[in-house]
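For reference, the structure discussed in these notes is given below.
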Amino acid sequence: MALDKVNNQKYQMLTREELINIQNNLSRDLIITDLFAKPIRKIGAVDLSFIKDHVIAAYVCVNYENFEIIEKKTALTRLDFPYWPGFLWFREGPPIVKIIKSLDVLPDVFMINAHGLAHPRRFGCASHVGVKIQNPTIGIAGSKLFGEVIKIPRKFGDAEPLKSNHETIGYIIKPKIGQPIYVSPGHMISLESTVKITINCLRNHRLPEPLYLSHRLAESRKIIHSMS
DNA sequence: GCGACAG
DNA sequence: ATCTTGTCGC
């Protein structure tokens, strides 16, 4: 296989089988244990908004103690791969990695708006980003992609496991507002810490605060771009 | 063939 | 994700 083309991010040239090979090969480097600095001081989040064939990546870093904003950043990137369930990395990974690599200071953990372990090959976009940048990531999604729901959490802060072959691959967590969210380890973090950190970041929105803030930043940048 | 299907 | 006004609920 032409690895040079893969590194050039010409993913659209590859077959489904080749894309799966990329995921399976890289997933051998996945680490599902806590490898981040404790106690956590800074937590960052990346979310995207879309304008036709371009994507705005927004990064927000907050103080883990009081959620005060430490840093904000956005970047515009051209899209070259379609949305395809199970292959989100090939569309959203490049812009996410691009903005993270532009940072001078990294947070202790990144929150990514995607699944991590809770993926058909246990290597969702949040995990793929983590392995690529070699930093801790948590995957947080608004709906399920893969896994067996045992029970739906009903009360704020409740967490129910998401399973696959009797193994827990993520958790379903009930926020104060709205439907439950699906969380799973991205990279360099355990299931337990994934759940604990997510619940700690839940405030008065459906998404945990860092992701909520980056989502709003991405949306606000979109309005500015459409005017200029 | 049918249903499921992150953003 | 996105197209979209007023409207229901916390």
Side-chain angles (χ1 to χ4, degrees), chain A residues 11-12 16 19-20 22-23 27 30 45-59 74-100 110-132 137-150 152 154-157 162-165 169-187 194 198 202-208 210-212 214-223 225-226:
Chain A
Y11 296 131
Q12 68 283 166
R16 174 191 163 92
L19 297 177
I20 288 178
I22 289 175
Q23 294 179 325
S27 72
L30 193 61
V46 179
D47 192 26
L48 311 175
S49 67
F50 301 82
I51 307 178
K52 296 183 177 178
D53 61 340
H54 280 74
V55 56
I56 293 171
Y59 168 76
T74 61
L76 186 65
T77 306
R78 175 180 224 92
L79 283 169
D80 54 14
F81 198 93
Y83 168 64
W84 187 4
F87 300 90
L88 193 63
W89 155 268
F90 303 100
R91 176 177 174 81
E92 304 194 349
I96 292 172
V97 168
K98 175 179 167 183
I99 195 167
I100 289 177
F110 283 97
M111 284 185 163
I112 305 294
N113 190 356
H115 287 292
L117 244 201
H119 176 275
R121 290 166 289 285
R122 298 191 167 194
F123 199 63
C125 185
S127 295
H128 204 134
V129 167
V131 169
K132 280 287 188 180
T137 58
I138 294 176
I140 298 181
S143 60
K144 192 190 74 169
L145 167 68
F146 178 79
E148 183 188 350
V149 178
I150 308 300
I152 303 280
R154 302 287 181 186
K155 195 166 65 62
F156 171 60
L162 185 60
K163 302 208 156 195
S164 175
N165 296 319
I169 56 175
Y171 277 88
I172 313 172
I173 299 174
K174 178 68 177 75
K176 201 172 294 179
I177 305 294
Q179 294 303 302
I181 57 176
Y182 295 73
V183 307
S184 59
H187 183 46
T194 294
T198 299
L202 287 176
R203 289 297 181 269
N204 295 154
H205 307 283
R206 179 154 97 118
L207 292 174
L211 255 189
Y212 168 74
S214 60
H215 180 78
R216 292 240 340 255
L217 177 59
E219 288 297 319
S220 62
R221 277 285 306 219
K222 185 163 60 176
I223 297 172
H225 270 281
S226 60

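Every chain is numbered from 1, with letters handed out A, B, ... down the list of sequences. Given the structure is predicted, the values throughout are model-derived calculations rather than measurements.
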Discussion item. Testing the 3.5 Å rule here: is there a donor-acceptor pair between the side chains of S49(A) and K222(A)?
Written reply: no
Worksheet entry | For atom CZ of F146(A) and atom P of dA6(B), their distance in whole Å | 13 Å
Worksheet item: What nucleic acid atoms does F87(A) come within less than 4.0 Å of, heavy atoms only: base, sugar-phosphate, or nothing?
Response: base
Worksheet item: Touch check for K144(A), heavy atoms < 4.0 angstrom, all strands: base, sugar-phosphate only, or nothing?
Response: sugar-phosphate
Practice prompt. Starting from C1' on dC5(B), measure out to NE2 on H115(A) and report it in whole angstrom.
Written response: 10 Å
Worksheet item: Quick one: I51(A) CD1 to dC3(C) C1', roughly how many Å, whole number?
Response: 15 Å
Worksheet item: Base, sugar-phosphate, or nothing: which does G139(A) touch, judged by heavy atoms less than 4.0 Å apart?
Response: nothing
Response to the item:
Of dG7(B), dA6(B), dT2(C), the nucleotide closest to the side chain of S49(A) is dT2(C)
Discussion item. What verdict does the ring pair (Phe, Tyr, Trp, His ring centres under 6.0 Å) test give for F123(A) and H128(A), after you've listed the backbone C-alpha separation in whole Å, the side-chain angles of each residue and the deciding distance to 0.1 Å?
Written reply: CA-CA 6 Å; F123(A) 199 63; H128(A) 204 134; 4.9 Å; yes
Worksheet item: Is N204(A) touching bases, backbone alone, or none of the nucleic acid, heavy atoms closer than 4.0 Å?
Response: nothing
Discussion item. Measure CH2/W89(A) against P/dA6(B) and give the value in whole Å, please.
Written reply: 19 Å
Item to complete: For I177(A) and dC10(C), give me the distance from atom CD1 to atom P, rounded to whole Å.
Response: 9 Å
Worksheet item: Using centres under 5.5 Å plus planes under 30 degrees as the test, is Y182(A) stacked with dA6(B)?
Response: no
